[in-house]
Amino acid sequence: MQLEHMIYMDHAATTPTDERVADAMEPWVREQYGNPSTLYTIGGHAARAIEEARATIADFLGAHPEEIFFTSGGTESDNWALKGAADAHRKRGRHLITTTIEHHAVIDTMEFLEKRDYEVTRVPVDSRGIVDPEDIRKALREDTILVSVMHANNEVGSIQPIAEISELIKDSGALFHTDAVQSVGKIPVDVDQLGVNLLSLSGHKIYGPKGVGALFIRKRTRITPLLHGGGQERRRRAGTQNVPGIIGVAKAIELAAETRDGEAERERALVARMWMGLQERIPDMALNGPEDPSLRLPGMINFRVEGIEGEAMILCLDMNRVGVSSGSACTTGSLDPSHVLLAMGIPAELAHGSLRISLGRDNTETDVDYFVDVFAPVVKRLRDMSPVYDK
Amino acid sequence: MYTEKVMDHFRNPRNMGVIEDADGVGEVGNPTCGDMMRITIKVKDDRVDDVKFQTLGCGAAVATSSIVTEMAKGKTLDEAMDITNKSVAEELGGLPANKMHCSNLAADGLQEAIKDYRSKQGGGEG
Ligand SMILES: Cc1ncc(COP(=O)(O)O)c(C=O)c1O
Ligand code: FES
């Protein structure tokens with residue numbers, strides 16, 4: 001089979017911008033340049049558009065519009081939630097809890113806080129990549145001020161029991177933050193059902209623009225601003241808003257609200273088809289992450305292939321016009337493979353040989369079948385070349 | 001990220017495989033670090049008569065092993081011992097800085113194979 005276009009299967013890294021999102025943004029890039037903080041008409045247009053966007057997002061998350069604050073994306077939202085909560089509550093305590101499988105935006109921020117005399121407990125996960133709520137509860141202390149657990153993991157797709165954790169810690173006085181960058185738009189995300197005080201989301205994982213996102217801050221939650229300056233975002237996040245970006249995120253959320261559940265079902269079926277095809281064709285391969293598809297993000301599958309390395313797989317797949325990611329260190333230039341796979345107890349040599357496929361709206365059954373067809377010979381070729389695989 | 005020459009060696013690796021009755025075997029690297037290389041050589045009249053590689057690793061690891069076999073073939077053992085990691089990288093038109101770790105394996109693997117051959121010869125030539 002010959003294909004003209006690239007088959008993109010790395011939607012957890014970023015998504016193609018939906019045409020309707022781009023169309024919605026365009027006027028705000030071109031003629032509608034008004035500063036939302038000004039008093040004359042064009043500024044007023046922008047201000048109103050931002051408030052409509054805020055209401056759309058709030059509605060989708062089951063929140064109030066005053067609880068949504070626009071940021072420059074998932075990384076800023078995570079940084080703000082953690083540093084802001086740590087700073088605002090430092091008189092009450094200096095203990096923070098998180099897990100071993102967080103995104104680097106949380107891991108590195110926690111390390112930063114540790115160097116500033118906060119104490120961090122990192123709760124481990126099981127072999128499926130899921131944290132036990134009981135372990136979070138056990139980690140609580142008198143002086144715990146913040147718990148941060150991601151909603152869905154960005155490498156293996158494992159969904160964390162956020163509502164259960166919230167139930168167990170709600171009387172402790174600690175704030176609860178979740179990084180929902182990967183789950184928003186793919187599975188139900190409702191701030192009351194999850195029981196969180198703080199929630200991060202990002203535009204570019206949901207067919208929206210890059211460099212824009214939001215932080216949900218529940219009413220009466222005290223957190224210190226990360227950015228100081230003008231009085232934007234009700235004095236909590238300074239800086240002239242990214243108007244086109246904000247319009248784009250809201251449009252992306254609106255589209256997700258229409259298609260989420262049907263799309264989730266469709267992607268689950270595609271992943272099941274792919275996994276079945278791969279298992280028929282390739283020996284010595286295993287799933288990383290929960291076997292139960294309901295505990296995984298719909299379009300995500302991560303697996304390890306014995307005897308070969310991830311970057312080589314990615315290069316071979318790229319030669320066949322397929323774009324995917326790997327848990328191998330070689331793709332990042334560091335020597336350590338994915339911290340998530342290691343935290344799940346997967347040996348380093350198998351973590352290096354792991355691949356993450358994340359399907360999205362644009363993928364079809366034809367793409368999935370094509371992937372299986374090109375991947376099987378890639379594995380064979382690399383195993384023939386490998387000094388550690390002679391089966 | 002990689003030069004066209006690196007990609008060419010990755011796509012069409014030269015001298016891939018194992019020499020079954022090899023005169024020298026060099027094994028370097030470690031799978032837990034994501035990279036491992038095995039070089040086997042056949043020696044005739046103090047020259048590298050034939051050489052093959054097997055590699056577990058990234059694009060740079062494969063390309064450096066492939067090109068080192070090309071560079072070594074036909075050289076005297078002393079000349080082959082002089083092939084350095086630097087000359088391998090130069091021959092490929094350069095490698096990304098973060099790939100220096102694994103791309104250092106290829107020349108090491110070749111030198112190990114030659115040392116292995118020499119030690120089997122009873123160390124007569126040192
Ligand atoms: C779980 C998670 N958190 C945070 C981020 C960072 O988001 P952004 O790229 O918008 O800064 C990402 C995306 O890479 C992610 O997957
Ligand atoms: S084998 Fe890991 S960077 Fe090359």
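All of these numbers come straight from a predicted model, not from anything done at the bench. Just so we're on the same page: letters track the sequence lines, and every chain starts at 1.
- When every heavy atom of A/P387 is checked against every heavy atom of B/L56, the shortest pair comes out as CD-N, 3.3 Å.
- Heavy atoms only, all atoms of each residue included: A/A312 and B/G57 are closest at CB-O, 3.4 Å.
- Between the SG atom in B/C58 and the CG atom in A/L315 there is a gap of 8.0 Å [rounded to 0.5 Å].
- Between the side chain of A/E311 and the main chain of B/G59, a donor-acceptor pair closer than 3.5 Å is present.
- With a threshold of 4.5 angstrom between heavy atoms, A/M385 approaches chain B through its backbone and through its side chain.
- In terms of modelled atom types and a separation under 3.5 Å, the side chain of A/H352 and the main chain of B/T32 share a donor-acceptor contact.
- The two residues B/R11 and A/R381 have their closest heavy-atom pair at O-NH1, 3.4 Å.
- At most 12 heavy atoms of other shown residues, nucleotides or ligands fall within 6.0 angstrom of atom CE in A/M276.
- Put simply, the side chain of A/D384 reaches to within 4.5 Å of the side chain of B/M16, judged on heavy atoms.
- Only the side chain of B/P13 comes within less than 4.5 Å of a heavy atom in chain A; its backbone stays farther off.
- With a threshold of 4.5 angstrom between heavy atoms, B/Y2 approaches chain A through side-chain atoms but not through N, CA, C or O.
- A/E309 places no side-chain N or O within donor-acceptor distance of the main-chain N or O of B/G34, the cut-off being under 3.5 Å.
- The closest side-chain heavy-atom distance from B/F10 to A/C316 is below 4.5 Å.
- Within the 4.5 Å cutoff, the side chain of A/E349 has no heavy atoms near those of the B/M36 side chain.
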